[in-house]
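Working notes, structure below.
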Amino acid sequence: MHRNMRTTHDVMTLLDDLFAPEAHRWTADSASWWDDFYGDRSKPVPFFVDKPDESLVSYADRELITPGRALDLGCGPGRNTLALASLGFDVDAIDLSPAAIAWAEERAQVSGIEARFHCGDAFVLTSGEVGGAGGAELAGPYDLIHDSGCFHHLPPHRRISYLALLDRCLRPGGHFALTCFAAGEGGMGSELPDAELYRQGSLGGGLAYTSEELRDIFSVSGLTEIELRRMRDEAPGSPVFGESFLWTALFRKAPRP
Ligand SMILES: C[S@@+](CC[C@H](N)C(=O)[O-])C[C@H]1O[C@@H](n2cnc3c(N)ncnc32)[C@H](O)[C@@H]1O
């Protein structure tokens with residue numbers, strides 16, 4: 001069948017396919033790319049360390065965020081999930097990769113810290129359909145939605161799905177904490193314009209954002225900036241994770257009028 005496009009989902013899937021083989025970094029079809037990535041735990045990947053983002057710890061220290069229900073999107077091996085749980089948050093964490101979830105569960109067991117880990121596509125699991133993949137419980141509302149390193153792997157059209165997720169799952173007055181690739185000097189990731197990414201059929205390993213772009217994108221969901229800065233570089237011996245090629249940002253959703 002050649003004329004099969006009827007829904008927004010069909011459009012999203014078609015656009016995802018333009019980025020094949022990279023599409024497996026954010027679609028449920030092929031969690032195996034991330035499984036391979038997590039297969040060798042001794043690789044010198046910065047975020048394989050079992051330490052929370054310095055920014056997350058700093059938000060909590062300054063009481064910019066306080067315990068409540070939290071969702072960790074693209075949690076990987078769970079370093080920030082477990083930090084949130086130890087700060088008193090009731091945490092759901094989602095990742096596409098069974099290998100990441102297994103690693104996170106091992107870390108939870110070793111540390112004795114409890115969090116609920118869910119394996120699957122965050123956009124599907126949080127869709128709120130009763131009887132659907134995640135059931136209604138992952139639809140929130142959450143007091144904090146946290147993402148370190150997932151958003152920048154999404155292609156431009158999936159920002160629409162991402163903003164919809166924030167809209168439906170974040171409680172009015174709740175916080176959104178993001179860590180992602182920074183454009184500009186000392187940054188990381190592709191700085192090509194959105195349209196050029198589609199022409200090249202590649203995300204270049206992840207998208208770099210300017211601070212203005214992040215403010216623009218998230219203001220669509222009614223989020224306002226609390227803090228947006230480069231992450232602090234942390235020394236290897238530090239108890240927290242920090243790399244200055246990343247932005248780290250905290251936004252707040254407008255409270256219900
Ligand atoms: C760069 S890693 C970051 C892992 C973790 N947040 C950390 O900082 O240690 C990005 C993660 O996002 C996950 N991911 C990407 N797209 C996803 C989706 N649609 N739903 C759930 N997880 C996703 C990947 O499986 C991967 O583990």
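Start at 1 and go down the list; that is how both ligands and their atoms are numbered. Sequence positions, counted from 1, serve as the residue numbers for this chain.
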| Taking only heavy atoms of Tyr38, which atoms of ligand 1 are found under 4.0 Å from at least one of them? | 2 (S), 4 (C), 26 (C), 27 (O)

| request: Give a yes or no on this: more than 12 heavy atoms of other residues, nucleotides or ligands lie within 6.0 Å of atom CZ of Arg256. | output: no

| request: Within a distance under 4.0 Å of any heavy atom of Gly120, pick out the atoms of ligand 1 and give their elements. | output: 20 (N), 21 (C)

| field | Numbering as shown, the atoms of ligand 1 that approach Gly74 to under 4.0 Å (heavy-atom distance) | value | 3 (C), 4 (C), 5 (C), 6 (N), 11 (C), 12 (O), 13 (C), 22 (N)

| message | Other residues, nucleotides and ligands only: do more than 12 of their heavy atoms fall within 6.0 Å of CD on Glu106? | response | yes

| field | With sequence neighbours excluded, residues passing ring pair (Phe, Tyr, Trp, His ring centres under 6.0 Å) with Tyr59 | value | none

| message | Regarding Arg159 and Asp194, does a basic nitrogen lie under 4.0 Å from an acidic carboxylate oxygen? | response | yes

| Heavy-atom proximity to atom 25 (O) of ligand 1, best of Leu96, Asp95, Asp121 | Asp95

| request: Say whether Ala100 and ligand 1 are in contact under the criterion: heavy-atom distance to a ligand atom below 4.0 Å. | output: no

| request: Return the option from Ser148, Ala93, Gly149 holding the heavy atom at the smallest distance from atom 1 (C) of ligand 1. | output: Gly149

| field | Closest contact, heavy atoms only, Phe19 versus Pro155 | value | CE1-CB, 3.8 Å

| message | Under a 4.0 angstrom heavy-atom cut-off, which atoms of ligand 1 come close to Cys150? | response | 12 (O), 14 (N), 15 (C), 16 (N), 17 (C), 23 (C)

| query | Hey, which atoms in ligand 1 end up nearer than 4.0 Å to a heavy atom of Trp34? | reply | 1 (C), 2 (S), 10 (C), 24 (C), 25 (O), 26 (C)

| request: Name all pairs fulfilling the ring-ring contact (aromatic ring centres under 6.0 Å, His included) condition that reach into residues 232-257, sequence neighbours left out, sorted by first residue then second. | output: Phe218-Phe251

